[in-house]
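Below: one structure, written as structure tokens.
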Amino acid sequence: MEVRGERIIVAKNISYKYPDGTEAVRDISIEIYEGEKVAILGPNGCGKSTLILLLSGLLTPTKGEILIFGRKVGKENAEFLRRNIGVVFQNPDDFLFNPTVREELLYTPAQLGMDYETAINLAKEFARKFEIEDLFEKPPFRLSGGEKKKVSIACSLMLNPKILFLDEPTANVDGKTRRKILELVQVSRGTIITATHEIDIVPKIAERVVIIGDNKKIIADGGLDILEDESVLVSAGVI
Amino acid sequence: MIEVIEQSAKTASQFFQNFLTTEKTVFKNGLLQKLDARIKIPFMFSLIILSITTFDYIKLSVLLAFLIFLTLTSKINPKILLSRIWLFTLFTFVIVSPKIFEGWAVSHEGLIYALTFTLRVAISLSSVSLIILTTSFSDIISTLRFFKVPDSFLSILILTYRYIHLTFSELFRIIVARESRRIKKQKLSELWTSGGNSLGLFFIRVFERSERIYLSSLARGNYYRAYSKPIRFSITEAFFITTFCLLIWWFI
Ligand SMILES: Nc1ncnc2c1ncn2[C@@H]1O[C@H](COP(=O)(O)OP(=O)(O)OP(=O)(O)O)[C@@H](O)[C@H]1O
Ligand SMILES: [Mg+2]
């Protein structure tokens with residue numbers, strides 16, 4: 001195996017229970033290295049989205065510990081983590097909250113203190129890439145499902161964060177947009193962790209595959225060759 | 001019956017969503033839209049203050065005429081403005097109308113009083129409506145920020161705005177989803193239970209969605225920072241500043 005970069009996320013035996021008692025993530029340990037492209041694969045409800053929220057430091061595990069860039073998740077590191085980690089939620093309705101698409105795109109740059117000229121140019125560049133320029137003045141909640149998805153992905157990709165989490169980035173989008181998203185992920189040099197259950201996109205966005213099974217345990221973790229092992233895929237419920 | 005109730009809840013949720021989203025009028029190329037919000041908002045508020053400092057109905061009528069002029073030059077359909085102010089204006093008139101009568105006779109003074117009072121309310125409501133109809137929410141916020149309104153207050157305003165949208169779009173979705181899956185007509189007794197269930201579901205959904213949106217605002221940075229544009233100064237701004245001075249001079 002090639003020499004890996006630094007370990008930037010270390011999760012040790014983490015579990016997460018939602019307030020209603022559902023244990024969405026159970027005793028998972030995982031390490032992510034700098035510059036890695038990781039795909040998290042697994043059936044519906046196995047905890048991929050929850051795991052993303054945990055690994056990005058947005059939720060705190062009910063058991064276990066996570067270190068991101070060697071730092072604990074908590075108030076004292078919140079700003080540092082938010083500056084370096086981008087997350088695109090599975091459901092754009094949860095992700096978008098500004099009055100217009102333009103403000104959606106300019107929101108995080110303003111929080112980061114980027115100057116206006118740079119920010120608006122960046123926003124326009126990505127709007128062009130995703131063909132959403134015409135939607136600039138529209139409120140996000142009046143967009144189609146795929147358009148919302150494009151806006152949320154553009155919001156995060158344009159900032160080129162050190163670590164980017166994508167939760168089902170290609171669900172609900174047309175072929176052209178899907179190609180665009182995959183292309184942008186491929187050229188990015190940051191660490192990208194994608195949750196999906198679409199096997200065919202995995203080779204394009206990842207060189208490491210983590211498979212979570214129905215029992216919410218990691219049942220395989222390794223290179224793309226895992227995808228050739230049909231028995232693993234079947235037991236993971238992905239095919 | 002259930003159709004009527006659901007239909008009106010659906011219309012109401014759409015109505016409120018539209019009430020708050022004014023992009024149809026905000027992005028028109030009209031006079032007030034061109035005016036820098038940092039001049040527009042104080043200007044419109046000064047009209048309100050002027051209107052409550054006088055009982056001279058001629059002055060009040062001139063103010064109202066000026067507001068109508070602004071409405072037209074801002075390419076706003078007067079019907080839209082009217083739909084936003086008529087209810088409260090009428091309500092005010094009804095409240096003060098007893099003043100009109102002295103016994104069975106109409107008192108001239110009472111009539112003037114009732115009319116000027118109603119005019120004031122119409123002027124105030126129109127001014128505020130015109131601000132809302134011609135200024136994007138983010139411009140309103142950045143103007144308030146410019147005038148040093150505390151961040152804590154602004155953040156409450158921003159959150160309220162977000163959640164109002166959220167609340168009504170969630171309500172709308174629940175109603176449409178129910179509609180799409182209801183096959184037979186319901187009886188009134190069933191409406192009672194299913195309506196209650198829907199209402200409970202609605203609150204849970206709004207609550208949980210707001211939690212997830214909170215997570216999203218954490219992910220995307222929640223320091224309530226925003227871009228401010230440089231102040232414009234063109235013929236539009238000059239026109240309003242001159243008008244402002246003339247009005248003050250005339251009123252005092
Ligand atoms: N807010 C919540 N409250 C309670 N339970 C939840 C909540 N969100 C998710 N769950 C439960 O946690 C488990 C994991 O959910 P999660 O959304 O992480 O799955 P997922 O792998 O992303 O699924 P999918 O492929 O459908 O997106 C599921 O069993 C789900 O029912
Ligand atoms: Mg998910």
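Each chain gets a letter, A, B and so on, in the order the sequences are listed, and its residues count up from 1. Note that the structure is a prediction, hence the values are computed from the model and not measured. Hydrogens, waters and symmetry mates play no part in the numbers below; they use all other heavy atoms, side chains included.
- Looking at E137(A), both its backbone and its side chain come within 4.5 Å of chain B, counting heavy atoms on both sides.
- L159(A) does not touch chain B: none of its heavy atoms, backbone or side chain, sits under 4.5 Å away.
- Contacts of D93(A) with chain B are made by both backbone and side-chain atoms, with heavy-atom separations under 4.5 Å.
- Contacts from residues 58-71 of chain A to chain B, taken as heavy-atom pairs separated by less than 4.5 Å, involve L58(A), L59(A) in sequence order.
- The 12-atom threshold is exceeded at OH of Y33(A), counting heavy atoms of other residues, nucleotides or ligands nearer than 6.0 Å.
- If you tally non-hydrogen atom pairs under 4.5 Å between each of D94(A), V87(A), L53(A), T108(A) and chain B, the highest count goes to D94(A).
- The 12-atom threshold is exceeded at CG of L87(B), counting heavy atoms of other residues, nucleotides or ligands nearer than 6.0 Å.
- Proximity to chain B (any heavy atom under 4.5 Å) is restricted, for F89(A), to the side chain, taken from C-beta onward.
- Shown here is E6(A), whose CD atom has no more than 12 heavy atoms of other residues, nucleotides or ligands within 6.0 Å.
- Atom-to-atom distance recorded for T100(A):OG1 and F137(B):CZ is 11.5 Å, nearest 0.5 angstrom.
- Within a 6.0 Å radius of CZ in F27(B), more than 12 heavy atoms belonging to other residues, nucleotides or ligands are found.
- The closest donor-acceptor contact from the side chain of R220(B) to the backbone of Q111(A) lies at 3.5 Å or more, if one exists at all.
- For I85(A), the part sitting under 4.5 Å from any heavy atom of chain B is the backbone (N, CA, C, O) and nothing else.
- Taking a 6.0 Å sphere around CZ of F153(B), one finds it holds 12 or fewer heavy atoms contributed by other residues, nucleotides or ligands.
- Heavy-atom distances place both the backbone and the side chain of P109(A) under 4.5 Å from chain B.
- Contacts of S217(B) with chain A are made by both backbone and side-chain atoms, with heavy-atom separations under 4.5 Å.
- Across F97(A) and S216(B), no two heavy atoms sit closer than the pair CE2-OG, 3.3 Å.
- Taking a 6.0 Å sphere around CZ of F88(B), one finds it holds 12 or fewer heavy atoms contributed by other residues, nucleotides or ligands.
- Atom OH of Y18(A) is surrounded by more than 12 heavy atoms from other residues, nucleotides or ligands within 6.0 Å.
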